[in-house]
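Side-chain atoms are counted along with the backbone in the values below, which use heavy atoms only and exclude waters and symmetry mates. Chain letters run A, B, ... following the sequence lines, proteins first and then strands; every chain starts at 1.
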Protein chains: 2
Amino acid sequence: MKDVARAAGVGLKTVSRVVNGEPGVNEPTARRVRSAIEQLGYRRNDSARLLRSGQTASIGLVIEDVADPFYSVVTRAVEEVAARNDLLVFTGSSDERPERERRLGMAFCARRVEGLIIVPAAGARHEYLAPELAAGVAAVFLDRPAVGLAADTVLSANREGARTGVAHLIAHGHRRIACLGDVAEIHTAEQRRQGYRDALAAAGIGHDPALEVMQAPRIEALAAALRRLAALPEPPTALFTGNNVTTAHALRALAADAPGHPLALVGFDDFPFADLLTPAVTVVAQDPARLGRTAAELLLRRLGRADGVDPAQADPLIAAELGADPVRVELPTRLVPRGSGEIPPPPGTR
Amino acid sequence: MKDVARAAGVGLKTVSRVVNGEPGVNEPTARRVRSAIEQLGYRRNDSARLLRSGQTASIGLVIEDVADPFYSVVTRAVEEVAARNDLLVFTGSSDERPERERRLGMAFCARRVEGLIIVPAAGARHEYLAPELAAGVAAVFLDRPAVGLAADTVLSANREGARTGVAHLIAHGHRRIACLGDVAEIHTAEQRRQGYRDALAAAGIGHDPALEVMQAPRIEALAAALRRLAALPEPPTALFTGNNVTTAHALRALAADAPGHPLALVGFDDFPFADLLTPAVTVVAQDPARLGRTAAELLLRRLGRADGVDPAQADPLIAAELGADPVRVELPTRLVPRGSGEIPPPPGTR
DNA sequence: TTGAAAGCGTTACCAT
DNA sequence: ATGGTAACGCTTTCAA
């Protein structure tokens, strides 16, 4: 910029004015400046600019794994809102490791992102963010609540959704229903297990710990668990799977071990091709795009950019005035019956 | 930092030394500084630091749509390499719109990212990046080559992969094979169509333009196209679909229109659950993780960070010494027979 | 309309 | 071992 000023024979500020389209520059002068810019291949350095102006026009997004279809849709929704508001997005996957989540979050803060959207890793605590929030960084927790920190949160109605899904199986005659969840350290996994138990209790079905399998979704471990379940004196006639990855692995394990003998199944999370499988898979669907959009819009409002949120399209759940207290938004889930959840128990299993 | 220096009664540079763990500070002094940092809640501003040091330790990734399972896996792979090298990643989806691709790319450059990984949008040209490259920004094009710009590129062997897939159908007796592709403006779509034609030509099968459908993958349009194909005097007995979205839509349309009468099908791109559908779907699989990893590693080498690339794990295709000229890496595809591609033509269709 | 100087938060260089 | 000063590339403030 200095070079441009010299080449055009004008002051630094004049170049700045031209570059930023500010008024107060004569056309001939502006023309000279523009041609110097062209000549020298000058490109404005936004980092420097933002350092001076104190804003970075960027946000950070920390999720579990961008390759997971659920989070990739969340990411896209966040990007969309950000793009509409001229915010750039740093992204990173924590891989469910607290230290990685923290590392990413702190790295983004060190770059002085204006806001952070975080999907907490299993077992992570978030005291580390308190100084950042105190320093003015806005943070919205997505999919799972913060631990040890009061902060805005956007979640799905996990417990209620799970309850509905399991109740659906019960309504179709099942009484031996297994729950295949993720590690209970993960908030969503725990909540969905609670919903599972709620449904059993409401139907007066005793709770059998042998039917609850809470473990990280790896295909071999899941296949082993399914074999153990099948070997029970009273094996389950239906499965409730607690997330998309678990559902996928369970379906694959079942297809390998017992082809042609479909167990009833309701999965938490919708997934591509659920409708094309045989039988089509009944799911409790979340709305990942809405989760991402809502979190991003909430963040914008916290950043005082409420104007960036189109009121016509804004999520009604955050349409109300925002106070100083953290907000907790819980988005509804939707039961999508497709076939696998409507399979009756085999005769003779009462 | 100024405040910290004053509070600790030391100079600015001493604080800087402590913060960065540089040697040359007495332990008692360092202790005073650290306690002042604690007290004041000081957090280093990396943006300012990087402005001064001239590096930004960040790269930009522009893809078509992070919600697409193909690109989300690419993204994760890029993130992984970046994280190992302490690089932060800006991401953005172009939504196949050249102006968005350009906007994102330029925004990243204005923040002075050190490198750029770009999946070109359909119809985009890349002359706009020439000044950036001249200014020292490294760029690697991913999945599709740059247009109007000589630059490093990492692609799949699209034409050869498509040829193999269609040849597979021919080997199973098909002679009327439709090609459902994306808009021909997209390099991969065009290349795969060429591969389709190559296979037909090699088998001495005449080329029928009516069997080539090149259009943006929307479900209704695809269903209509399939109906038109079915109404031909000699309808196709097999389908070659040119990407994961097209495959998904085609399968859905077929399931709705002609349930129980599966057409033979080979799809380009693998996708989750391809193995669990009935019939399981034969695909020409790309390796999106490897595409992303290879592009990121190539970028690192261009940034002179070859040490960040683990030589034991580095992709052999970029293991060779890098010269000044742009490199073009073409990764192999893999035919995965699963059932849908091995269905013979119905009797009487010769 | 224009520009000089100060400052954003940091590091580099050179003294002390 | 420690610190002052300049500089990174820009914007802001204020004066001309």
Side-chain angles (χ1 to χ4, degrees), chain A residues 1-34 36-37 40-58 88 106-114 131-132 135-137, chain B residues 1-34 36-37 40-58 88 106-114 131-132 135-137:
Chain A
M1 184 147 154
K2 213 167 38 181
D3 300 333
V4 173
R6 193 166 341 107
V10 300
L12 217 51
K13 179 58 200 176
T14 302
V15 178
S16 174
R17 286 203 182 88
V18 172
V19 168
N20 295 304
E22 286 171 30
V25 180
N26 265 343
E27 187 45 34
T29 317
R31 196 187 312 281
R32 271 217 320 287
V33 171
R34 271 192 290 269
I37 287 178
L40 296 166
Y42 166 82
R43 313 162 305 138
R44 183 176 67 187
N45 183 332
D46 272 346
S47 294
R49 174 158 89 124
L50 296 166
L51 168 63
R52 175 64 235 230
S53 66
Q55 311 232 317
T56 58
S58 61
L88 260 35
M106 290 306 282
F108 295 162
C109 286
R111 300 297 177 98
R112 291 295 186 272
V113 292
E114 300 184 9
E132 307 298 330
V137 178
Chain B
M1 183 145 157
K2 211 166 38 182
D3 301 332
V4 173
R6 193 168 337 108
V10 300
L12 216 51
K13 180 58 201 176
T14 302
V15 178
S16 174
R17 285 201 183 90
V18 172
V19 168
N20 296 301
E22 287 171 29
V25 180
N26 264 345
E27 186 45 34
T29 318
R31 196 187 313 281
R32 272 216 320 286
V33 171
R34 271 193 290 269
I37 287 178
L40 296 166
Y42 165 82
R43 313 163 305 135
R44 184 176 65 188
N45 183 331
D46 272 348
S47 295
R49 174 156 90 122
L50 297 166
L51 167 63
R52 177 62 238 227
S53 66
Q55 310 232 314
T56 58
S58 61
L88 260 36
M106 290 305 283
F108 295 161
C109 285
R111 300 298 177 96
R112 293 294 185 273
V113 293
E114 300 185 8
E132 307 298 331
V137 178

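- In this structure, CZ in Arg32(A) is found 12.5 Å from CD1 in Ile37(A), a value given to the nearest 0.5 Å.
- In summary, contact between chain B and DNA chain C, defined as any nucleotide atom under 4.0 Å from a heavy atom of the protein, begins and ends at dC8(C) to dC13(C) in the 5' to 3' direction.
- Note on Ser47(A): nothing from the nucleic acid sits closer than 4.0 angstrom, heavy atoms only.
- Here the straight-line distance linking atom CG of Asn45(B) with atom CG of Leu50(B) works out to 8.5 Å at 0.5 Å rounding.
- Atom-to-atom distance recorded for Glu27(A):CD and Arg31(A):CZ is 4.5 Å, nearest 0.5 angstrom.
- Axis angle across the helix from dT1(C)-dA16(D) to dT16(C)-dA1(D), with five pairs used at each end and values rounded to 10°: 40°.
- To the nearest 0.5 Å, the span separating CZ on Arg49(B) from CD on Gln55(B) amounts to 10.5 Å.
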Report, as a single string ordered 5' to 3', how protein heavy atoms within less than 4.0 Å touch nucleotides 6-16 of chain D: B base, S sugar-phosphate only, - not at all. BBBBBBB----
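- At least one side-chain heavy atom of Asn20(B) sits less than 4.5 Å from a side-chain heavy atom of Arg44(B).
- Atom CD of Glu114(A) sits about 11.0 Å away from atom CG of Leu88(A), to the nearest 0.5 Å.
- In this structure, Arg111(A) and Thr56(B) approach most closely via the heavy-atom pair NH1-O, 2.8 Å.
- Inter-residue side-chain proximity for Arg112(B) and Leu51(B) is flagged as unmet; no heavy-atom pair is nearer than 4.5 Å.
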